[in-house]
Participant: 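Please find one structure pasted underneath; my questions will follow.
Order of appearance sets the numbers: ligands from 1, and atoms from 1 within every ligand.
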Amino acid sequence: MASANLEDVSNEALMNEMMRRMRCATKPEKRVILIGPPGCGKGTQSPVIKEQHCLCHLATGDMLRAAVAAQTPLGVMAKQAMDKGELVTDDLVVGIIDEALHRPACSKGFILDGFPRTVGQAQKLDEMLAKRGEKLDKVLNFKIADSILEERITGRWIHPASGRSYHTKFAPPKRPGIDDITGEKLIQRKDDNATVLKSRLEAFHKQTSPVINYYERKGLVATLHAEKAPEVVTKEIEKALDLSKSSHQEKPKSLRNW
Ligand code: AP5
Ligand code: MG
């Protein structure tokens, strides 16, 4: 961030950010992938993991939706596939992840939510990380029966600016249709209907399930009971990410942003 911009930030916000960075300074690096079908809870659990472990949250679905809304060339290319519940091409998403990994916020590691979704994307990620001298720590497999997902998907409401998500039955906002924090309107995603869900699930089983096998062969997968209540899933994640007993070695840090 340029110093001119920092002058516009309030003292309170600046102090909060400094406190957060001090708290984060002692946290070990972590690189985590979340894999699971639509509605399994990736977006619900990501902010909790992000806050706890000081990681950046890179959700390819959110990034693509922002590009569609802004009508960028990337968004124009992605829109048709997304509306139909199909995957966009590997090249498009690999490019946005490669760029995002350079962000200062990712210096402690990352949560990849919705990427990689094909074995080709997983291989590209391996190449990107090898170039950076980094390794994955864990792949969280959100295992859940398809039959549970329609109710979750059709009842979801989101706050587009922050990515906060609600559910009419499981996580209702304080006021229907209104974000708890900002008071702004919630929306439903265009692909959150029963018809498009069918294609999204088909894409998951055909193209993304093999990615779980890919990481199983590397011994990185922890399988969660994603049908359970969110708090129970959070506890399972914490257990899976307690890497202190594993062989994970912290890399020496020099001039990092934390
Ligand atoms: P993306 O945005 O990634 O969608 P998705 O994978 O289909 O996953 P969702 O965001 O729908 O589900 P979630 O797991 O985040 O669920 P959430 O936590 O919100 O991708 C969209 C599209 O972009 C794709 O179809 C594709 O076209 C494209 N795309 C993206 N990445 C791509 C890639 N790498 N390659 C190619 N194309 C790509 O939870 C859902 C609801 O359930 C919420 O309302 C929540 O409150 C509720 N809930 C959550 N957990 C629980 C629980 N434990 N109990 C009860 N309710 C719960
Ligand atoms: Mg999501």
Side-chain angles (χ1 to χ4, degrees), residues 33-49 57-69 74-75 77-98 100 111-122 124-125 140-146 148-160 162-173 180 186-194 196-209 211 224-237:
I33 289 175
L34 313 189
I35 300 187
C40 67
K42 304 180 294 292
T44 301
Q45 297 294 335
S46 288
V48 185
I49 310 172
H57 172 211
L58 303 179
T60 38
D62 292 348
M63 292 161 157
L64 290 168
R65 274 185 292 279
V68 171
L74 172 76
M77 282 191 273
K79 188 177 183 311
Q80 215 186 1
M82 292 178 79
D83 285 349
K84 285 196 278 183
E86 294 168 3
L87 297 188
V88 307
T89 62
D90 286 356
D91 286 350
L92 282 191
V93 279
V94 166
I96 57 176
I97 287 292
D98 197 10
I111 306 158
L112 296 183
D113 162 356
F115 180 94
R117 257 170 146 107
T118 64
V119 171
Q121 291 177 21
K124 288 276 184 210
L125 178 64
L140 300 175
N141 172 22
F142 285 64
K143 197 168 181 204
I144 188 164
D146 286 3
I148 301 175
L149 299 171
E150 185 172 326
E151 188 181 24
R152 284 203 191 174
I153 286 292
T154 53
R156 170 168 59 186
W157 287 80
I158 54 165
H159 177 241
S162 67
R164 266 185 294 283
S165 110
Y166 299 86
H167 193 281
T168 43
K169 181 169 162 190
F170 304 121
D180 287 353
L186 302 176
I187 59 149
Q188 281 201 293
R189 267 168 53 177
K190 206 172 171 194
D191 58 348
D192 275 355
N193 59 69
V196 179
L197 175 63
K198 277 201 188 105
S199 316
R200 291 162 68 192
L201 281 172
E202 207 178 294
F204 174 77
H205 290 298
K206 260 198 204 145
Q207 293 166 277
T208 310
S209 291
V211 180
L224 311 171
H225 297 88
E227 78 287 357
K228 296 202 171 159
E231 309 74 45
V232 179
V233 180
T234 302
K235 285 210 178 94
E236 289 190 6
I237 292 173

Participant: First locate atom CD1 of Ile111, then atom CD1 of Ile237, and finally report the distance between them rounded to the nearest 0.5 Å.
Facilitator: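 Atom-to-atom, Ile111:CD1 and Ile237:CD1 are 9.0 Å apart.
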Participant: Any nitrogen or oxygen of Asp62, side chain or backbone, less than 3.5 Å from one on ligand 1?
Facilitator: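 For ligand 1, there is no N or O atom that lies under 3.5 Å from one belonging to Asp62.
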Participant: Keeping the roles fixed (side chain from Thr208, backbone from Arg117), state whether a donor-acceptor pair exists under 3.5 Å.
Facilitator: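 Present.
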Participant: Output the list of atoms in ligand 1 that are nearer than 4.0 Å to some heavy atom of Gln121, sorted by atom number.
Facilitator: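 Counting atoms of ligand 1 from 1, those under 4.0 Å from Gln121 are 33 (C), 34 (N), 35 (N), 36 (C).
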Participant: Heavy atom under 4.0 Å from ligand 1: found in Phe204's side chain, backbone, both, or neither?
Facilitator: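 For Phe204, there is no contact with ligand 1 at all, from either part.
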Participant: What residue and heavy atom of the protein are closest to atom 24 (C) of ligand 1, and at what distance?
Facilitator: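 For atom 24 (C) of ligand 1, the nearest protein heavy atom is Arg117 NH2, 3.9 Å.
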Participant: Is the closest heavy-atom distance from Gln45 to ligand 1 below 4.0 Å?
Facilitator: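 No, that is not the case, since the closest heavy atom of the residue is not under 4.0 Å from the ligand.
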Participant: Enter the distance from Thr60:OG1 to Ile96:CD1 here, rounded to the nearest 0.5 Å.
Facilitator: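 The CD1 atom of Ile96 is 6.0 Å from OG1 of Thr60, to the nearest 0.5 Å.
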Participant: Ligand 1 versus Leu87, non-hydrogen atoms closer than 4.0 Å: side chain, backbone, both, neither?
Facilitator: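 It is both backbone and side chain that touch ligand 1.
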Participant: Taking non-hydrogen atoms only, is Ala229 closer than 4.0 angstrom to ligand 1 via side chain, backbone, both or neither?
Facilitator: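 It is the backbone that gets close, since no side chain atom is under 4.0 Å.
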Participant: List ligand 1 atoms under 4.0 Å from Glu86, heavy atoms only on the residue side.
Facilitator: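 By the 4.0 Å cutoff, the relevant atoms are 26 (C), 27 (O).
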Participant: Looking at Val88, which atoms of ligand 1 are within less than 4.0 Å of one of its heavy atoms?
Facilitator: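 Listed by number with element: 36 (C), 37 (N).
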Participant: Examine ligand 1 and decide if any of its atoms is less than 4.0 Å from a heavy atom belonging to Glu227.
Facilitator: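 Glu227: no contact with ligand 1 (<4.0 Å).
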Participant: For Ile153, state whether at least one heavy atom is located under 4.0 Å from any atom of ligand 1.
Facilitator: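 Flag set, Ile153 near ligand 1.
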Participant: Check this for me - ligand 1, Tyr166, N or O atoms closer than 3.5 angstrom, yes or no?
Facilitator: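 Among all N and O atoms of Tyr166, at least one is under 3.5 Å from an N or O of ligand 1.
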Participant: Counting from 1, what ligand 1 atoms have a heavy atom of Gly43 closer than 4.0 Å?
Facilitator: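 Those atoms are 13 (P), 15 (O), 18 (O).
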Participant: Is a side-chain N or O of Glu86 found less than 3.5 angstrom from the main chain of Ser199, in a donor-acceptor match?
Facilitator: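 Side chain of Glu86 to backbone of Ser199: no pair is present.
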Participant: Any atoms of ligand 1 less than 4.0 Å from a non-hydrogen atom of Thr60? List them with their elements.
Facilitator: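 Selected atoms, number and element: 30 (C), 31 (N), 32 (C), 34 (N).
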Participant: Distance under 4.0 Å to a non-hydrogen atom of Arg65: what atoms of ligand 1 satisfy this?
Facilitator: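 Close to Arg65: 2 (O), 21 (C).
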Participant: With rounding to the nearest 0.5 Å, note down the distance linking CD in Glu150 to CG in Asp192.
Facilitator: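 The CD atom of Glu150 sits 11.0 Å away from the CG atom of Asp192.
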Participant: Whether the Asp62 and His57 side chains hold a donor-acceptor pair (N or O, under 3.5 Å, no angle test) is what I'd like checked.
Facilitator: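 Asp62 vs His57: no donor-acceptor pair found between side chains.
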Participant: Could an N or O of ligand 1 be found under 3.5 Å from any N or O of Gly41, whether backbone or side chain?
Facilitator: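 Yes - when backbone and side-chain N and O of Gly41 are compared with those of ligand 1, one distance drops under 3.5 Å.
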Participant: How far is atom 43 (C) of ligand 1 from the closest protein heavy atom, and which atom is that?
Facilitator: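 Answer, as residue, atom name and distance: Ser165 OG, 3.6 Å.
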Participant: Let me confirm one number: the CD1-NE2 distance from Ile144 to His225, rounded to the nearest 0.5 Å.
Facilitator: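 Rounded to the nearest 0.5 Å, the CD1-NE2 separation comes out at 11.5 Å.
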Participant: So is there a nitrogen or oxygen of Pro116 less than 3.5 Å from a nitrogen or oxygen in ligand 1?
Facilitator: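 There is no such contact.
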Participant: Check salt bridge (Lys or Arg N to Asp or Glu O under 4.0 Å) between Lys124 and all other residues, then give those that pass, not counting sequence neighbours.
Facilitator: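 Salt bridge (Lys or Arg N to Asp or Glu O under 4.0 Å) list for Lys124, sorted by chain: empty.
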Participant: Taking atom 56 (N) of ligand 1 as the point of reference, which of Phe170, Phe115, Phe142 owns the nearest heavy atom?
Facilitator: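 Among Phe170, Phe115, Phe142, the closest heavy atom to atom 56 (N) of ligand 1 comes from Phe170.
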Participant: Could you work out, with ring pair (Phe, Tyr, Trp, His ring centres under 6.0 Å) as the rule, every residue matching His167, not counting sequence neighbours?
Facilitator: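 Checked His167 against ring pair (Phe, Tyr, Trp, His ring centres under 6.0 Å); matches are Phe170.
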Participant: Considering heavy atoms of the protein only, find what lies nearest to atom 41 (C) of ligand 1 and give residue, atom and distance to 0.1 Å.
Facilitator: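 Nearest protein contact, heavy atoms only, for atom 41 (C) of ligand 1 is Arg152 O, 3.6 Å.
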